[in-house]
2 protein chains.
Amino acid sequence: MQTQHAFSASRPAPGFIPALAPHPDDGTDDAPAGLTALGAVATLRRGTAAYREGDLASHWYRVVSGTGCTSKLLPDGRRQIGAFLHAGDFFGFEALQEHGFAAEALTDMVVIRYPRQRAESAGDADPTLNAFLREIACRSLTCAYERLLTLGRRTATERVASFLLELASTAPDGRTVSLAMSRSDIGDYLGLTLETVSRTLAALKHDDLIDMAGPHSLVLLDRPALEEMTEGDEPAVRFGRA
Amino acid sequence: MQTQHAFSASRPAPGFIPALAPHPDDGTDDAPAGLTALGAVATLRRGTAAYREGDLASHWYRVVSGTGCTSKLLPDGRRQIGAFLHAGDFFGFEALQEHGFAAEALTDMVVIRYPRQRAESAGDADPTLNAFLREIACRSLTCAYERLLTLGRRTATERVASFLLELASTAPDGRTVSLAMSRSDIGDYLGLTLETVSRTLAALKHDDLIDMAGPHSLVLLDRPALEEMTEGDEPAVRFGRA
DNA sequence: CGTTGCGTTGATGCTTGTCAACGAACGTGG
DNA sequence: CCACGTTCGTTGACAAGCATCAACGCAACG
């Protein structure tokens, strides 16, 4: 996908302001006032980039709605997705000077942009905000390390199963998952090819571990079995979620 | 390796105090005074753990001398090494409550332990320390993401080449590397088997890209060729180094 | 001087990637 | 409204890269 670099608005669009409030499915994830005061709403059209590799890291971000991903490309086109970005997730913290990963919208997105220098200064004077930022960084690191284990040591089936459980962990009923991303995106997230992802999902369906209404809508039928497949010991935690 | 949980000393051992000073090969990496004041020296024997998965995250750590690694196990014994820890590296920041990864000494190690709560409080009152901690977190995240790309998308040869370049990046001459870890450790770091690591190193030697005096002492003969093999665009940065 | 741990090398096979074909869904323009 | 191209997901056949299993040499050590 050819991404373009574009924000459509740097000031709140009226229709989106309600989304700035805490998300209904998670009462604990709104930012401290010191950070919220700095945020500006922006919208990102599907396929456009919030920033690219090498861009100056001038802002931190938070997803209001829609889904995106951070990704990095090798010169020959191989791609690794660092994280999927869902409503409530923070991103853009990984950079000191320049972004090492690009961030791109997989669907139309609404995000909040926080000017980084001002946010850092605010943190210096506000222990609550400071703790909040530390927590985001910690969670991001924990997630990244968990993913190292997945990419380094798990089989294709285990990877897909852990991915489904990760998505289901934020579903209201814990079992209904809607995939906003393509098979290719999932493959690039899990270090697999899109064909392997497709085949693995088909196998899980054949074994009655999941059900698929359409390619982007599925239900976990046997969560314990899926959890056992990942051989993991702790629940999946999503990237950057405070 | 059966790791044991043991610190041999919680107060400075006379012989090690000089190592607390900035490391001779890097004048920029000593901690702010506010953090240094909280540190207590401890020694770790080879094969012992600073902490294990599930331990309460009560401290942050910094390596004074020796080398270690953070690692995570699957129930069936598969292991993923999150990072190798060298002199100057900070570790233990990834945990909010409990450690998700264990940290273990691969050689005898000297580390500094910083009580986490006191360090966090100190950070709240000290912008310099605060920025320092942010920087460590950023670098750790950048490293982790770079490693996601390696584990998810690079071939065995590319992984080994990038590993060697990573090690060489802190060598005085940029080409002489001494491997403190075993082939098995390298494999667990790169998501490969120890046999593949051994074979890949042999192939690199055969192609005159590296020279091996012994299994743990090698020299990069053709850095440009190795860099091209990784297909990466930016220099390797080591975990947690400020 | 036997034992143990580690690194190397070989033979073999499995998991996953690659290449290809096909169908469904979607948008576009005649 | 329908032909058309495009994108995406699925499935099959095949190949390759790496894992697995195994044997051997060497150095360290009690």
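By convention in this document, chain letters (A, B, ...) are assigned in the order of the sequence lines, proteins followed by strands, and residues within each chain are numbered from 1. Everything numeric in this text was worked out from a predicted model, so none of it was measured.
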In whole Å, I'd like the distance from the [atom1] atom of [X] to the [atom2] atom of [N].
X: A:Ile186; N: C:dT16; atom1: CD1; atom2: P; value: 16 Å
X: A:Leu190; N: C:dG17; atom1: CG; atom2: P; value: 11 Å
X: B:Asp188; N: C:dG7; atom1: CG; atom2: P; value: 12 Å
X: A:Leu151; N: C:dT16; atom1: CG; atom2: C1'; value: 15 Å
X: A:Glu158; N: C:dT16; atom1: CD; atom2: C1'; value: 14 Å
X: B:Met181; N: C:dG7; atom1: CE; atom2: P; value: 11 Å
X: A:Arg78; N: C:dG17; atom1: CZ; atom2: C1'; value: 12 Å
X: A:Arg46; N: C:dC26; atom1: CZ; atom2: P; value: 12 Å

(request) Determine whether the side chains of B:His99 and B:Glu53 contain a donor N or O and an acceptor N or O closer than 3.5 Å. (result)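 On atom types as modelled, these side chains do not qualify, holding no pair under 3.5 Å.
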(message) Show the nearest heavy-atom pair for residues B:Lys205 and B:Met212, with the distance to one decimal.
(response)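 So the minimum-distance heavy-atom pair works out to NZ-O, 3.4 Å.
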(request) Could you list by number each residue of residues 204-221 of chain B showing a heavy-atom separation from DNA chain C of less than 4.0 Å, or answer none if no residue does? (result)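 Listed by number, they are B:Pro215, B:His216.
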(request) Answer yes if the ring centres of A:Phe90 and A:Tyr61 are under 6.0 angstrom apart, and no otherwise. (result)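 Ring centres of A:Tyr61 and A:Phe90 not closer than 6.0 Å.
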(message) Could you check whether A:Arg147 makes a cation-pi contact with A:Tyr189, meaning its NZ or CZ is under 6.0 Å from the centre of the six-membered ring and within 45° of the ring axis?
(response)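 Checked: cation-pi criterion met.
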(request) Anything under 30° is parallel, anything over 60° is perpendicular, the rest tilted; go ahead and classify A:Trp60 against A:Phe93. (result)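 Aromatic pair A:Trp60/A:Phe93 classed parallel.
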(message) When you compare the side chain of A:Ile186 with that of A:Leu194, does any pair of heavy atoms fall below 4.5 Å?
(response)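 They are not in side-chain contact.
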(message) So B:Leu201 and B:Arg183, do their side chains get closer than 4.5 Å, heavy atoms only?
(response)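 The answer is yes; the side chains approach within 4.5 Å.
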(request) Name all residues meeting the side-chain contact (heavy atoms from CB on, under 4.5 Å) criterion together with B:Thr196; count only those two or more places apart in sequence or in a different chain, and write none if there are none. (result)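 Expected list: B:Ala156, B:Leu192, B:Thr193, B:Thr200.
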(request) Sugar-phosphate atoms are those with a prime plus P, OP1 and OP2; base atoms are the rest. Using that split, label each nucleotide of nucleotides 18-30 of chain D B, S or - for protein heavy atoms under 4.0 Å, 5' to 3'. (result) SSBB---------
(request) Kindly determine whether B:Arg46 and B:Glu104 satisfy salt bridge (Lys or Arg N to Asp or Glu O under 4.0 Å), including the steps that lead there. (result) CA-CA 8 Å; B:Arg46 175 191 163 130; B:Glu104 139 189 9; over 6 Å; no
